[in-house]
Amino acid sequence: MKPKKAPVYNHLKIEKKWQKEWAENGTYKTEPATSKKKKMYVLDMFPYPSGAGLHVGHPRGYIASDVYARMKRMEGFNVLHPMGFDSFGLPAEQYAIQTKKHPGPFTDKLVAQYKKQLEIIGFSYDWSREVSTHRPEYYKWTQWIFLKLYDAWYDTKKNKALPIDELVALFEKNGTKNVHAVTDSAETFSAKEWKSFSQLEQQEILMHYRLAYEGFAEVNWCEELGTVLANDEIVDGPTGPVSERGGFPVIKKSMRQWFMRITAYADRLAQDLEGLDWPNSIKEIQKNWIGKSEGSEISFEIKTADSDIGEVSVFTTRADTLFGVTYIVLAPEYPFIEEWQNSITNWSEVQKYIKSVSQKDEMERTSADKQKTGVQLKGLVAINPANGEEVPVWIADYVLANYGTGAVMGVPQHDERDYAFATQYKLPIIDRPLVDKIEITKKVDGKIVTRYKMRDAIFARQRYWGEPIPLRHLANGLISEVPEKKLPLTLPNVKSYEPSGNGESPLARVAAWTKEGYETNTMPGWAGSSWYFLRYMDPTNAKAFAGQKAVDYWKDVDMYVGGAEHATGHLLYSRFWHKFLYDMNYVPVKEPFKALRNQGLIGGADGRKMSKRWGNVINPDDVVKTYGADSLRLFEMFLGPFESHLPWSTEGIIGSRRFIERVWRLSGRVRENHSARESSVILHKTIKKVTEDIQNFAFNTAVSSMMICLNEFEKSGVSEKDFKMFLQLLAPFAPHITDELWSELGEKKSIHLSGWPTYNPKLLIEDEVTIGVQINGKVRAELTIAADASKESIESAALALPRVQEYLSTMTVKKVIVVPGRVINIVAQ
RNA sequence: GCCCGAGUGGUGGAAUGGUAGACACGGAGGACUUAAAAUCCUCUGCCCUCAACCGGCGUGUGGGUUCGAGUCCCACCUCGGGCACCA
């Protein structure tokens with residue numbers, strides 16, 4: 001019979017055909033939570049759909065997770081592999097300001113565009129679960145979670161969040177006595193006092209306990225633009241920070257904000273990192289960010305020449321150096337300084353210093369010159385509780401108000417910064433013996449405490465394009481929640497997206513909005529992304545953020561893939577929210593993302609970052625058009641280790657395209673009953689290798705092992721059965737061509753719903769091996785010998801080799817080390 | 001400054017303490033072709049050599065451990081990332 005002439009490989013036609021087929025047949029539809037199958041949740045960090053579009057580096061992570069998800073699907077798991085869009089945010093807002101158009105339709109357009117770009121790459125997403133954070137059906141639940149946080153406090157005894165009602169009940173019963181809570185207030189009161197407080201006073205007190213609370217924070221304020229700027233919108237100017245747009249000066253300004261009391265979870269966030277299968281670097285970054293340090297709080301009495309005027313508590317990790325204290329320093333913002341002004345003899349100088357510090361922005365204050373500045377509070381002394389010594393009291397801006405207690409003890413002998421400060425102002429430097437940290441802390445009535453660098457997170461933006469905060473400020477000053485059944489509180493239409501000029505959000509200019517007293521701040525970009533992975537579990541549920549059944553079945557993300565740049569943002573906030581939901585019994589597990597992998601960036605061929613500016617951007621659509629999605633996918637996986645930063649190579653992709661074409665051509669040459677042992681052996685080795693490599697995210701070596709396999713097939717021929725197994729291995733990487741060839745070989749069902757091949761261990765046992773023969777550690781010969789040869793027979797065979805004999809003729813053998821299957825080393829002299 | 005991570009051919013990279021450079025790109029030569037493209041075959045770390053053999057060198061630098069080090073240890077250099085007066 002004349003062999004059928006294979007049609008030319010037309011990637012455009014084939015890829016379009018199969019993408020349509022998959023969509024029509026629901027090939028990748030996830031089974032519901034009632035499935036008997038084991039679950040596997042493989043997730044990509046959802047993108048922000050920006051107008052700039054995709055470059056070739058963006059899909060790398062998506063391809064990897066898709067390969068992983070496809071293998072798991074073929075292995076028989078019920079795979080949840082969804083995609084959605086993080087669609088609130090600054091760029092759409094800026095677009096709205098510039099065009100004076102609502103950012104909604106613009107965002108929808110971008111989402112559609114983005115989705116299209118993703119679709120042509122052939123991902124196995126279940127698009128029926130798509131979410132977008134800007135849609136009211138979605139942000140209804142973001143608001144709902146916010147209200148839960150608002151209505152919660154943190155009990156340090158039970159070490160979990162509890163409803164605020166329980167705190168109120170405690171206050172009513174005993175006041176603050178026996179209340180163990182994370183709070184920024186030191187105020188204490190009795191039950192009787194609590195009941196005597198007005199509603200407004202009670203509200204204010206509770207605000208210091210809530211996990212979502214109102215407070216003040218410094219923001220970047222630009223007077224000329226009349227708006228608050230994000231750090232991204234600020235650049236370095238010649239005389240300080242300026243706005244990116246217009247180059248106007250930017251200063252710090254204190255404004256009303258909403259916060260998340262993430263610090264309540266600091267310890268658990270640090271602790272629970274241990275059990276996660278995450279890259280070490282990300283765990284380290286989070287650990288450093290949380291910045292746990294254990295130390296002591298020790299009180300120093302503050303006196304004037306004749307009277308006691310108070311005390312200052314310092315935080316130190318070096319209580320053992322307490323005897324070496326020669327001064328104490330307060331942050332310039334330290335709260336009691338003003339109260340003491342009558343006792344301070346150089347008050348005007350002090351005042352001047354405080355003012356000069358407040359005018360410095362952060363950049364200046366932490367700038368490179370590092371010259372320490374400070375002023376002594378003359379007229380005051382502090383008493384070292386360890387030995388009663390009087391030491392001077394200073395203020396200096398190297399002490400931060402918002403870390404520790406805002407006060408430190410100066411021990412120049414043991415601390416570099418204190419040393420620099422002491423040298424500068426000629427303060428004494430004394431060498432005293434060290435003592436036991438814990439003992440001395442107890443002896444001076446101090447406390448052992450744990451402190452964290454991490455601060456509470458600001459949870460408000462003075463912007464339009466974000467989730468409205470579902471609270472109302474009533475005329476009497478009370479705050480009321482938008483009731484659950486009234487959610488979502490949808491964004492009103494506005495006439496102008498320009499900032500209001502006084503720093504408030506555009507919502508502040510909507511009369512209908514402010515009449516009702518609605519909060520004018522909106523939520524920050526990270527609100528919607530902090531829980532979206534839960535919504536995918538049950539994306540259309542109108543009664544809950546996700547149904548109990550779905551949450552219990554899917555539990556957590558098994559494999560999360562995305563960029564490392566989210567280490568201290570999204571990945572931390574999501575863990576925080578998840579732990580909160582766990583405390584409130586809404587989710588069954590403590591951590592949202594069991595395993596995490598970070599893709600490395602793909603740079604331009606010139607080694608620079610891919611950007612319009614350098615003109616080195618490669619668009620995936622063009623690559624798909626020219627080479628095909630399968631070639632693109634294969635190449636991005638082959639390029640190098642998944643987590644490495646790599647340059648794009650337009651020349652390199654030709655290799656992947658050639659490989660795919662060779663698979664195509666070989667398909668026309670498989671013979672039903674061809675038996676080539678060589679090919680079967682290599683195939684089964686490849687099955688083992690590819691399976692392990694995908695599991696380990698070592699995609700580059702998985703691809704290269706398939707290339708090796710194909711080389712052997714071409715040389716030795718391949719049976720249809722073996723070739724089909726090979727196609728199954730290749731299917732996660734090149735889903736279109738493999739489904740095409742699979743169906744051409746007579747299969748009716750998609751290859752992606754077929755099983756994952758397993759290897760036959762018997763075929764992996766080799767009869768013969770070639771090992772290196774070393775003399776004094778240098779390879780001098782090779783030896784081919786039965787794989788199961790004994791050490792003795794390997795040794796004698798090696799010693800009998802002519803080349804070896806030649807070498808040894810002038811030497812005597814001292815020792816022989818045989819590593820079966822690997823190497824033999826003859827030590828001689 | 002502190003904390004991570006990485007340095008291997010012309011290029012991207014491979015290598016459970018066991019024959020360094022798999023696989024691929026690029027390059028050289030050849031086959032097919034009137035020719036080109038595509039495809040196929042051979043070679044391709046560096047030095048020595050007309051060439052091959054042989055030999056020598058070789059995984060950022062310098063030491064060390066080991067029969068044996070790209071891999072482990074110490075010091076240093078360079079690059080990337082994170083934090084940055086956090087007491």
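A note on names: the letters A, B, ... follow the listed sequences, proteins ahead of strands, and every chain is numbered from 1. Computation of the quantities below employed the complete heavy-atom set of this structure, encompassing side-chain atoms and omitting hydrogens, waters and symmetry-equivalent molecules.
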Using only side-chain N and O atoms of [X], determine if any of them is under 4.0 Å from OP1 or OP2 of [N].
X	N	value
Arg658(A)	U39(B)	yes
Arg665(A)	C40(B)	yes
Tyr807(A)	G55(B)	yes
Asn700(A)	A14(B)	yes

To the nearest angstrom, how far is [X] atom [atom1] from [N] atom [atom2]?
X	N	atom1	atom2	value
Ile708(A)	A24(B)	CD1	P	7 Å
Lys685(A)	C23(B)	NZ	P	13 Å
Tyr403(A)	A84(B)	OH	P	13 Å
Leu666(A)	U39(B)	CG	P	16 Å
Lys287(A)	G82(B)	NZ	P	19 Å
Leu634(A)	C23(B)	CG	C1'	12 Å
Glu651(A)	G13(B)	CD	P	15 Å
Lys453(A)	G82(B)	NZ	C1'	11 Å

For [N] versus [M], give the span between their [atom1] atoms, rounded off to a whole number of Å.
N	M	atom1	result
C57(B)	A6(B)	P	29 Å
G60(B)	G56(B)	C1'	22 Å
G80(B)	U8(B)	P	15 Å
G58(B)	C50(B)	P	24 Å
U49(B)	C40(B)	C1'	32 Å
C79(B)	A69(B)	P	30 Å
G9(B)	C47(B)	C1'	14 Å
A24(B)	G45(B)	P	15 Å

Please pick, from [options], the nucleotide with the shortest atom-to-atom distance to any side-chain atom of [X].
X	options	value
Glu284(A)	C25(B), C4(B), A14(B)	C4(B)
Arg662(A)	A24(B), A87(B), G55(B)	A24(B)
Asn711(A)	C83(B), A24(B), A14(B)	A24(B)
Arg803(A)	G55(B), C23(B), A87(B)	G55(B)
Ser704(A)	G13(B), A22(B), A87(B)	A22(B)
Leu646(A)	C23(B), G12(B), A87(B)	G12(B)
Lys372(A)	C23(B), C85(B), C40(B)	C85(B)
Pro647(A)	C23(B), G12(B), C3(B)	G12(B)

- Message: Parallel, tilted or perpendicular: which one describes the rings of His11(A) and Tyr9(A), with boundaries at 30° and 60°?
- Response: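 Tilted.
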Please determine, for [N], whether a Watson-Crick or G-U wobble partner exists with both distances under 3.5 Å, and give it or none.
N	answer
C40(B)	G30(B)
C85(B)	none
G55(B)	C47(B)
U11(B)	A24(B)
C76(B)	G60(B)
U66(B)	none

Give a yes-or-no answer on whether the side chains of [X] and [Y] include a donor-acceptor pair shorter than 3.5 Å.
X	Y	answer
Ser796(A)	Ser793(A)	no
Thr784(A)	Thr770(A)	yes
Arg657(A)	Tyr627(A)	no
Tyr398(A)	Asp418(A)	yes

- Message: Taking the nucleotide of RNA chain B with the nearest heavy atom to each, does Gly655(A) or Thr317(A) sit closer to the 5' end?
- Response: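 Here Gly655(A) is the residue nearer the 5' end.
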- Message: Between Arg318(A) and Glu714(A), which residue's closest nucleotide on RNA chain B lies nearer the 5′ terminus?
- Response: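 Whichever sits nearer the 5' end wins; that is Glu714(A).
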- Query: When we call it a touch if two heavy atoms are under 4.0 Å apart, what does Lys778(A) touch: a base, just sugar-phosphate, or nothing?
  - Reply: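 Counting heavy atoms under 4.0 Å across all strands, the contact made by Lys778(A) is with sugar-phosphate only.
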For [X], I'd like to know if atom [atom1] has over 12 heavy atoms of other residues, nucleotides or ligands within 6.0 Å.
X	atom1	value
Ile438(A)	CD1	no
Tyr403(A)	OH	yes
Lys609(A)	NZ	no

What pairs of nitrogen or oxygen atoms, one from the protein and one from nucleotides 15-19 of chain B, lie under 3.5 Å apart?
unit_1	atom_1	unit_2	atom_2	d
U19(B)	O2	Glu782(A)	OE2	3.0
U19(B)	N3	Glu782(A)	OE2	3.4
U19(B)	O4	Thr770(A)	O	2.3

- Taking the six-membered ring where the residue is Trp, are the ring centres of Trp648(A) and Phe635(A) under 6.0 Å apart?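 Yes, ring centres under 6.0 Å apart.
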- Query: Which glycosidic conformation, syn or anti, is assigned to G9(B) if syn requires a torsion within 90° of zero?
  - Reply: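 Syn conformation here, the glycosidic angle of G9(B) being no more than 90° from 0.
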- Query: Hey, can you pull the residues of residues 289-298 of chain A with a non-hydrogen atom under 4.0 angstrom from RNA chain B?
  - Reply: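 Per residue number, the list reads Trp289(A), Ser293(A).
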- Message: Please check this pair: side chain of Thr686(A) against backbone of Ile682(A), looking for a donor-acceptor N/O pair closer than 3.5 Å.
- Response: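 Yes; at least one donor-acceptor contact below 3.5 Å.
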- Message: For Phe642(A), is there any backbone N or O sitting under 3.5 Å from a side-chain donor or acceptor partner on Arg60(A)?
- Response: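 A pair under 3.5 Å: yes.
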- Message: Cation-pi check for Tyr452(A) against Lys292(A): NZ or CZ below 6.0 Å from the six-membered ring centre and within 45 degrees of the axis, yes or no?
- Response: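 Lys292(A) over Tyr452(A) ring: no.
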- So is Arg633(A) actually on top of Phe733(A)'s ring, under 6.0 Å and inside 45° of the axis?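 So Arg633(A) doesn't make the cation-pi contact.
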